Amino acid sequence: MNWGWNLVLMSYGKPFIAYRRIVQQEFQPSVVAQSHRPIMAREVAALLSRMLKTPDELVDHIKQYIYLLSSFFVYRSDMVVLEVWQGLSS
């Protein structure tokens, strides 16, 4: 497996600077508040709804919440994230 793309393991150079700039721009508090908070609020509401319906599956609900949230930030598409999650859970 090639880990050359991993920012943490990258050597300092032009690719590292470019990736770091993207990460810093995407995760600034103002950007998170503006673009990520509505998605997080929607997923928290869905998490709470699932917890009310089936509280005995709490760990699964939390895993799904973390997966859906992090995957959405990577793929920026609900459809891709939901299709992958349904594939994993079946």
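Sequential numbering from 1 along the given sequence is applied to the chain's residues. Computed from a predicted structure; not experimentally measured.
- Here the side chains of Val23 and Tyr19 are not in contact, with every heavy-atom distance at 4.5 Å or above.
- With rounding to the nearest 0.5 angstrom, the CD atom of Glu43 is 12.0 Å from the CD1 atom of Ile66.
- Here the OH-CG distance, from Tyr67 to Asp60, works out to 15.0 Å after rounding to the nearest 0.5 Å.
- Put simply, NE2 on His61 and CG on Asp56 are 7.0 Å apart, with the number rounded to the nearest 0.5 Å.
- Rounding to the nearest 0.5 Å gives a distance of 12.0 Å between NZ of Lys53 and CG of Leu48.
- Residue Ile22 is not grouped with residue Phe16 when hydrophobic side chains (ILVMFWY) are merged at heavy-atom distances under 4.5 angstrom, including chains of intermediate members.
- Distance check: Leu47 CG to Leu52 CG gives 9.5 Å after rounding to the nearest 0.5 Å.
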